[in-house]
Amino acid sequence: MTFILRSTILNVLILIGALDGYSENGYDLWLRYAPITDSSLKDHYLDYFTSFHCIADDPTAVVIRKELALAASSMLGIIPNETSRSKASLVIATVENLDIPANITNQLGTEGYYISANRGQVTVTANTSIGLLYGTYHLLRLTQMGEPLGSLSIIEAPKTKIRILNHWDNLDRSSERGYAGFSIWDWHRLPGYIDQRYIDYARANASIGINATVLTNVNANAQVLTPMYLEKVKALADVFRPYGIRVYLTARFSAPIEIGGLKTADPLAPEVQTWWQKKAEEIYSMIPDFGGFLVKANSEGQPGPQNYGRNHADGANMLADALRPFGGTVMWRAFVYSDEEPDDRAKQAYNEFKPLDGQFHENVMIQVKNGPIDFQPREPFHPLFGAMPNTPLMMEFQITQEYLGQATQLVYLAPMYEECLQSDTYAKGESSTVASVIDGTLHDYQLTGMAGVANIGTDINWTGHPMAQSNWYAFGRLAWNPQLDAQQIADEWIRATFGNERKVVETISELMLNSWETAVSYMTPLGLHHLMGTSHHYGPAPWVDNLSRADWTPYYYHKSNQGGIGFDRTSTGSNATSQYFPPVASTFNDPDSCPEKFLLWFHHLPWTCKMKSGKTLWEALAYHYQNGVAEVRRMQAQWKQLKPYIDHERHQSVSMLLDIQEQEAIWWKDACMSYFQSKSGLPYPEAMEAPQHDLEYYQSLKFPFAPGIRPKW
Ligand code: BDP
C-alpha cells in the first residue's frame, strides 16, 4: 500500500512539476519502481502489464502477484488484471503448462527461467515457481531499465548452487564489522513479531538471485542452537521460504559442552557425534529446508577439532554426517592462521587445507576468502583456488567495507570481485580462472557456491552509505553468474536506483568503476596491505609494531626500514609464491614480472629501485597516495554535477559522505607518507601535497568507539 500511495503522490508531483524538493531515503533499494514518465515507453509497458495470467498458486506465486501489482502500480499507475491465458499480455507459468521445447527446458534446472515474447504476449516460464519468481524479477529489471520487451528471448540459469549472505550478527543485535546500524534480526521480539524488513530483505535478495542466508556471526554463540532461539530461526525461515531463501546457522564447535552438558566436543567422541545428530534432527523437525552450518574453527580463538588433536576434515565430516540424512551442507571456513605457527600468515590456510584435499565428505564445502590474508583493499587471489580439485571450494567475499572505508566511503566492489574471479590460476593450464573453480566447471564440483559477508543493518537505507547498496546488488549478480562484468552490473544498478537519464548513468558509472582503484591508491597502493588501525580497522596506523601477536600488527605486513619496504614472499623469503601454479608462481616471484599492483605484497624492495614508469619506488608511492586524493576530488566534482537530476536527500547524503572521504583520503596519504618518510629519510616529491600534521599527531589519534568492533565473548 505504501508503494501505491507513494506512486500516486509521485505522479501528482511530477504533473505539477514540483519534484525539486522531492526526497528518497533509499529504503526501496533497486526495487524503487519509479514512475515511467516517457509516454511512449509507458504505452509500451502498458501493453504488457495491463493483464496477466499466472498459473502457479503456491506461496511463491502469491509473492509474484504482489510484486507485479506493486511494480505496475508504481511504474505505470495500474493494477494488472488477472485474466485468461489467451487474453493475457503477460503469462507466467511453469513449463508443464506450456509448449516449450525440451532443448530449452533442459537448460533451466530448478532455478532458471525462460522469457520470450511472441505476438504481443510475454511469457515467463520455468521448471519451478522459484524460477518464475526469478524470471519475473528479471522482467521487472528490464522494465526499470527502460528496455523494450517486444522481442525477448532470454534463457538464464544460475551458475552456482548456493548464493549466500553471511551476516556477522550477534544475538545482542550488534554486528561485527557492521557499519549500517544494528542487526536487522530482532531476536528479542521473534518469533512473535515479524518485522516488515524481513519481507523486504527477502524480496531484495530474491530479486538478485540470492537463495540462502547465514543469520549469525562466524564467531558463533551456541545459544542460537537452543530450542528458544530455534523457534525464532524457524519464524525467519518461514518468511524467507516463498522467496527461495534457505536459512543456515553458524555452529560453535564447543556447543556440545556449552549447551549440551558434555565434557568434550571431540569430533571423534561418540557422545559428541550423537549430540550433533540429535541437534540436526531437532532443527529439521522445525525447519525442513534448513541449509546447514557455517563453521569457523581453530581460528582467532574459536574452538575446533584441533583442540582435541583432530584435523579440519575430522571436524567438518562429523557435522556433515549429522546433516546428511536431511540434505544439509557444512561450509567449513579456510580462514585459519595462528601466531604460534612461525610461517607467513599468507601461507597457513593452504598449508593446512591442501593436504586434506579429497578427505571431506560429499556435503562439505570449504569456504575460502578471495585472498590469502583478510579482505584487504587489494589482494592477489587465494592460492587454494585451483589447488583442491577433489573438494568443492566456495568463494567468500566481503561486502561490508571493513577495510575499505566502512560506511563513509564510496567504493564499488564489483571490480575487485571481478579481478579475483577473472584471475587465471593455471591449475589446469591456461583459462583455469577462479570463476571456473567457483562455478564448478574446472574440477566438476557437485556443490558450488559464493558467500558474501553482508553490509546490511537497521539504517533506513540498509547499508549506511547509500552507494553501498550497489555492493549487495553486485554480489548477488556475480554469485548468480561469476562471469558478469562490473560495468554491466553497475549500469543495471544505477538505472534501477537513480533512473535512466543518460547523464546520471554515465557519470555515476564512471565514478563507481574508478572508486575501488582510487581507494586502493590512497590506502594501500602497490601491494601494501593491513596498514589499518588495530582492532577497529578504521584509518591508517602503519606504525603499530608492538602488539601481543605480531601477525596483527601492520609492521608485520610492510616491514619498512631504512633499506626499503614490502614483504618478501619469494623463494628467498617466505616462499608464498610457490603455493601458486606455474607460471603464476614465477610471475609473482620475480619483481620484474610481478604486476606492480602486487609488488610489495611479494617483494621487499629498496626505496630507490626503479619502477616501470621510471619513477623510484618512493616517488611511485607518493604518486599513488596523491593520485588517490585527486581522484576523490574528481568524484566530488562529478557528483556535484548530478544535483539537478537526483532527489535532494540522496544527493545531499552522498555529497556529505564524499566530503568525509576526501578528508579521510588526505589522512591516509599524510599518515602513511609521514610514517614511511621516517623510514626512508627521503624528501616528498614536489607533486605531493605536504602532510597537514606531523607523524606524532597521526599516531595520537584514537577511536575507541568506532563502529563494528569485534565484541569480547
Ligand atoms: C576479519 C575480521 C574479524 C572476523 C574475521 C573472520 O576482522 O572480525 O571475525 O575476519 O573472517 O576480517 O572470521
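Indexing begins at 1, ligand by ligand and atom by atom, following the structure's order. Each residue takes its place number in the sequence, starting with 1.
The two residues I184 and D169 have their closest heavy-atom pair at N-OD2, 4.2 Å.
In the vicinity of Y403, heavy-atom distances shorter than 4.0 Å reach the ligand 1 atoms 7 (O), 12 (O). Each of the following atoms of ligand 1 lies closer than 4.0 Å to a heavy atom of V218: 13 (O). In the vicinity of F335, heavy-atom distances shorter than 4.0 Å reach the ligand 1 atoms 5 (C), 6 (C), 10 (O), 11 (O), 13 (O). Each of the atoms 1 (C), 10 (O), 12 (O) of ligand 1 lies under 4.0 Å from some heavy atom of D374.
Two residues are said to be in side-chain contact when any heavy atoms from C-beta on lie closer than 4.5 Å; C594 and L599 meet this criterion. By the 4.5 Å heavy-atom criterion applied to side chains, L215 and W187 are counted as neighbours.
Aromatic ring centroids of Y556 and F567 lie under 6.0 Å apart.
In terms of polar-atom proximity, defined here as any N/O pair under 3.5 Å, W168 makes no such contact with ligand 1. Taking only nitrogen or oxygen atoms, main chain and side chain alike, R177 reaches within less than 3.5 Å of ligand 1. Checking only distances, N219 does come within under 3.5 Å of ligand 1, N or O to N or O.
Ring geometry, F335 versus Y337: the interplanar angle exceeds 60°, so the pair is classed perpendicular (tilted spans 30 to 60°).
Atom 2 (C) of ligand 1 has its nearest heavy-atom neighbour, among E300, Q302, E402, in E402.
Annotation for Q422: atom CD counts as buried by contact number, over 12 foreign heavy atoms lying within 6.0 Å.
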